[in-house]
*Asks:* 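Starting off with a structure, shown below.
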Amino acid sequence: MTTPDPIRRFVEATNAGDTEAFLETFKADAFLSDWGRSFRGREQIARWNQTDNIGVQSRLDIVRIALSDGAHHVRIKVAGNGFNGEGDMTFTLDGDRIASLVIA
């Protein structure tokens, strides 16, 4: 499956350490859940980004991606100064932006 543009930009922005481009991948009122910690809107997602993503120099690689029930289920490999290993991300898209991201 071809990686949808918002997910591709999410990965590219993270790997480039580009916070502005990263936040632009999300809708203004987007929802992010990271193992039960919830963040709503770009301001809160920016805080998560600093503590758990670009702020810890994460590097992302997509292992596989599948579409099911309107959501993109992505297995992702993470390396950096935070979590290292593989995990699952479920993206719900709205046009060219991420409406929600659940990390489990």
Side-chain angles (χ1 to χ4, degrees):
M1 167 176 210
T2 302
T3 302
D5 188 54
I7 298 170
R8 180 190 54 75
R9 289 185 290 116
F10 170 93
V11 170
E12 289 174 353
T14 295
N15 292 347
D18 187 338
T19 295
E20 185 175 326
F22 171 81
L23 291 173
E24 282 296 313
T25 65
F26 290 91
K27 290 184 60 175
D29 63 345
F31 173 76
L32 186 149
S33 174
D34 184 359
W35 288 94
R37 296 180 304 141
S38 296
F39 306 86
R40 170 90 46 201
R42 286 188 186 150
E43 185 176 315
Q44 289 184 9
I45 292 170
R47 288 198 302 268
W48 173 85
N49 182 51
Q50 287 302 6
T51 59
D52 292 79
N53 191 43
I54 289 175
V56 293
Q57 296 81 42
S58 290
R59 172 99 182 138
L60 308 178
D61 289 300
I62 293 174
V63 175
R64 67 179 173 270
I65 186 169
L67 179 63
S68 175
D69 297 324
H72 292 84
H73 302 275
V74 180
R75 182 75 176 174
I76 201 140
K77 181 178 176 185
V78 183
N81 296 318
F83 173 81
N84 284 272
E86 289 189 10
D88 294 311
M89 295 183 168
T90 301
F91 292 85
T92 303
L93 305 180
D94 185 356
D96 66 346
R97 298 274 194 280
I98 299 165
S100 73
L101 168 57
V102 176
I103 301 168

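Bear in mind the structure is a predicted one, so any value in this text is a computation, not a measurement.
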*Asks:* Of the non-hydrogen atoms in Gln44 and Arg40, which two are nearest, and what is the gap between them?
*Replies:*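 Looking at all heavy atoms of both residues, the closest pair is OE1-N, 2.7 Å.
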*Asks:* Show which side-chain atoms of residues 59-68 pair as donor or acceptor with protein atoms under 3.5 Å away, not counting sequence neighbours.
*Replies:*
none

*Asks:* Taking the side chain as every heavy atom from C-beta outward, state whether Met89 and Leu101 have any atom pair closer than 4.5 Å.
*Replies:*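 With C-beta onward as the side chain, the pair touches.
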*Asks:* Tell me, do Leu93 and Ile7 make a side-chain contact under 4.5 Å, heavy atoms counted?
*Replies:*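 Yes, their side chains come closer than 4.5 Å.
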*Asks:* Distance check, rounded to the nearest 0.5 Å: Asp94 atom CG versus Asp29 atom CG?
*Replies:*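 Separation between the atoms: 8.5 Å.
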*Asks:* State, to 0.1 Å, how close Asn84 and Ala79 come at their nearest heavy-atom pair, and which atoms those are.
*Replies:*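 Asn84 and Ala79 have their closest heavy atoms at OD1-CA, 3.0 Å.
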*Asks:* Mind checking the CG-OG1 spacing from Asp34 to Thr51? Nearest 0.5 Å is all I need.
*Replies:*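 The CG atom of Asp34 sits 8.0 Å away from the OG1 atom of Thr51.
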*Asks:* Distance from Phe39 atom CZ to Ser100 atom OG, nearest 0.5 Å?
*Replies:*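 So the CZ of Phe39 and the OG of Ser100 are separated by 14.5 Å.
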*Asks:* About how many Å separate CZ of Arg42 and CG of Asn49, when rounded to the nearest 0.5 Å?
*Replies:*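 Asn49 CG to Arg42 CZ: 12.5 Å, rounded to 0.5 Å.
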*Asks:* Are Phe31 and Trp35 co-members of a hydrophobic cluster defined by side-chain heavy atoms under 4.5 Å apart?
*Replies:*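 Hydrophobic grouping puts Trp35 apart from Phe31.
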*Asks:* Counting C-beta onward and ignoring hydrogens, is there a side-chain heavy-atom pair between Phe83 and Asp52 closer than 4.5 Å?
*Replies:*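 Sidechains of Asp52 and Phe83: no contact.
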*Asks:* Within a strict 4.5 Å, meaning less than it, do heavy atoms of the Asp96 and Arg9 side chains meet?
*Replies:*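 Contact flag for Asp96/Arg9 side chains = yes.
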*Asks:* Ignoring hydrogens and angles, write down the donor-acceptor pairs under 3.5 Å from the side chains of residues 17-25, residues two or more places apart or on other chains.
*Replies:*
residue: Asp18; atom: OD1; partner: Glu20; partner atom: N; Å: 3.3
residue: Asp18; atom: OD1; partner: Ala21; partner atom: N; Å: 3.0
residue: Glu24; atom: OE1; partner: Arg97; partner atom: NH2; Å: 3.3
residue: Thr25; atom: OG1; partner: Phe22; partner atom: O; Å: 2.6

*Asks:* Ignoring hydrogens, what is the shortest heavy-atom contact between Gly95 and Pro6? Give both atom names and the distance.
*Replies:*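 For Gly95 versus Pro6, the nearest heavy atoms are O-CG, 4.0 Å.
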*Asks:* How long is the gap from OG on Ser58 to NZ on Lys77, to the nearest 0.5 Å?
*Replies:*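 Ser58 OG to Lys77 NZ: 13.5 Å, rounded to 0.5 Å.
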*Asks:* Kindly indicate whether the side chain of Val74, heavy atoms from C-beta on, has any atom under 4.5 Å from the side chain of Thr3.
*Replies:*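 They are not in side-chain contact.
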*Asks:* Apply side-chain contact (heavy atoms from CB on, under 4.5 Å) to the pair Ile76 and Ile103, showing each step before the final yes or no.
*Replies:* CA-CA 10 Å; Ile76 201 140; Ile103 301 168; over 6 Å; no
*Asks:* Does a sphere of radius 6.0 Å around CG in Asp69 hold more than 12 heavy atoms from other residues, nucleotides or ligands, not counting ones at 6.0 Å or beyond?
*Replies:*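 Atom CG in Asp69 is not crowded, with 12 or fewer foreign heavy atoms closer than 6.0 Å.
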